[in-house]
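What follows is a short report on a single structure.
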Number of protein chains: 2
Amino acid sequence: MQFSIGVEYALHSLLHMVDLPSGKPIGVKELGLFNGISETYLSKVFTKLRKAGIVRSLPGVNGGYELARRPEEISFWDVIEAVEGASPIFQCAEIRQNNILVDKDNLPDSFSKCPCLIKVVMLEAEAQMRQYLANKSLSWLSHELRNKLPEDLNHSIDDWFKDVLTK
Amino acid sequence: MQFSIGVEYALHSLLHMVDLPSGKPIGVKELGLFNGISETYLSKVFTKLRKAGIVRSLPGVNGGYELARRPEEISFWDVIEAVEGASPIFQCAEIRQNNILVDKDNLPDSFSKCPCLIKVVMLEAEAQMRQYLANKSLSWLSHELRNKLPEDLNHSIDDWFKDVLTK
DNA sequence: CTATTATAGATAACAATTATCCACAATATC
DNA sequence: GATATTGTGGATAATTGTTATCTATAATAG
């Protein structure tokens, strides 16, 4: 049970879009090159991010993607949900209905009234994780890394993107 | 991204082992039949549960499995970890090392000193979920269901297992 | 008009999950 | 001791999901 690698691609890419000058979209090609990851797969990931309203696309020459909202308002969970889809981690298969004592075509009232308790526990556990991730924003991540990475690396990164955008 | 169906199989099966008389193991065949799920796959799941020390096996005629610890001391998380394995949900691929500005064979100090911050966030999020699940025990689940399910269904369940064990 | 970029669909390569089968070891019962 | 039952471990098949690529198309800046 794992998150898709697409989540990691998305976060590492979106991170660097925080500080780009507005009105200057960045292409999937550049983001893929910068991160050393598959460009074509990354383009699929960005299509999902766009459909989720996290980024905005600008087709055509010098086009690309830019953040569709302020980075304070883009959380880790927003990104995960966009890339992974909204379905829960624990997909209850309702096997209680397979129980030998239960008639599937005529379920007892207690089943329609109460959801499977195991499912309830799992969903609540997932909600705990979700809450934590919904409180970590892209802008927080960006600031933390500016503080933690060495000055010169931050500088090289800034320069690289400045270079690419003025090509 | 989803938990294996094996987790659901395990929880639904272990649940009914809580109230069995001690010294009376129950077979995978019976548990599979009772829950209406694949017996052969369930046997693989129980092998994992045994290796994790959650159940104890007794081979031979009238053999089967029984809980290896008190149900108060078996948590949802114990079961998940046994079935899914202990590897984290977010398997950081360290793509920061692929970065075009980074020499993979000569990583900057900041990389060896600090783990990828995105990974740190994800692991902490998983820890939130884990903590919740580590606090829900098999005995809690069993008691809750005894209260919530209708009297007659609880009774039929008890009868079914009593029947099977005295065959 | 042309080059560039995102979009969408098809599809391939690969990996993981789910499920089954078989040979074998252990054990209760007769 | 013979036999039937039950777990064990390995091999494998069927199915599904993930990751990655390619192609054709639409949009747009210059």
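Chain A is the first sequence line, chain B the second, and so forth, proteins listed ahead of strands; every chain is numbered from 1.
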Taking the six-membered ring for Trp and the full ring for Phe, Tyr or His, determine whether the centres of A/Phe34 and A/Phe161 are under 6.0 Å apart. yes
Is there a side-chain polar atom (N or O) of A/Tyr9 under 4.0 Å from OP1 or OP2 of D/dT18? no
What is the separation between atom CD on B/Gln91 and atom P on C/dA15, rounded to the nearest whole Å? 15 Å
Counting C-beta onward and ignoring hydrogens, is there a side-chain heavy-atom pair between A/Glu94 and A/Lys119 closer than 4.5 Å? yes
Where each residue is assigned the nucleotide of DNA chain C containing its nearest heavy atom, which of B/Glu84 and B/Val61 is assigned the position nearer the 5′ end? B/Glu84
Starting at CD1 of A/Ile26 and ending at P of C/dT4, how long is that distance when rounded to a whole Å? 16 Å
Without decimals, in angstroms, what is the distance between A/Tyr41 OH and C/dA12 P? 19 Å
Does CD in B/Glu144 sit with more than 12 non-hydrogen atoms of other residues, nucleotides or ligands closer than 6.0 Å? yes
Is the distance from OP1 or OP2 of D/dT19 to the nearest side-chain N or O of A/Ser4 less than 4.0 Å? yes
Heavy-atom donor-acceptor pair, A/Lys44 side-chain to C/dG9 base, under 3.5 Å: yes
Would you say B/Ser57 places a side-chain N or O within less than 4.0 Å of OP1 or OP2 belonging to D/dG7? no
Between B/Arg50 and A/Thr40, who's closer to the 5' end of DNA chain D by nearest nucleotide? B/Arg50
Quick note, B/Ile5 side chain, CB onward, closest among D/dA20, C/dA8, C/dA19 is C/dA19
Check the distance between D/dG7's C1' and B/Leu58's CG and give it to me in whole angstrom. 10 Å
Picking from D/dT8, C/dA6, D/dG7, the nucleotide nearest the side-chain atoms of B/Thr47 would be D/dT8
Counting any heavy atom closer than 4.0 Å, what does A/Gly60 reach on the DNA or RNA strands: base, sugar-phosphate only, or nothing? base
A/Asn62 CG to D/dA27 C1': how many Å, rounded? 14 Å
Once you round it to whole Å, what is the distance between P of C/dT5 and CD of A/Glu66? 15 Å
For B/Asp158, is there an ion pair with B/Arg146 - N to carboxylate O distance below 4.0 angstrom? yes
In whole Å, what is the span from the CZ atom of A/Phe46 to the P atom of C/dT5? 15 Å
Is there a side-chain contact between A/Leu67 and A/Arg56 in this structure, where contact means two heavy atoms from C-beta onward sitting under 4.5 Å apart? no
Grab the CD-P distance between A/Glu8 and D/dT18 for me, whole Å please. 16 Å
Is the base of D/dG7 touched by the side chain of B/Lys29 through a donor-acceptor pair closer than 3.5 angstrom? no
If the cut-off is 4.0 Å, is B/Lys51 near the phosphate of D/dG9, judged by side-chain N/O to OP1 or OP2? yes
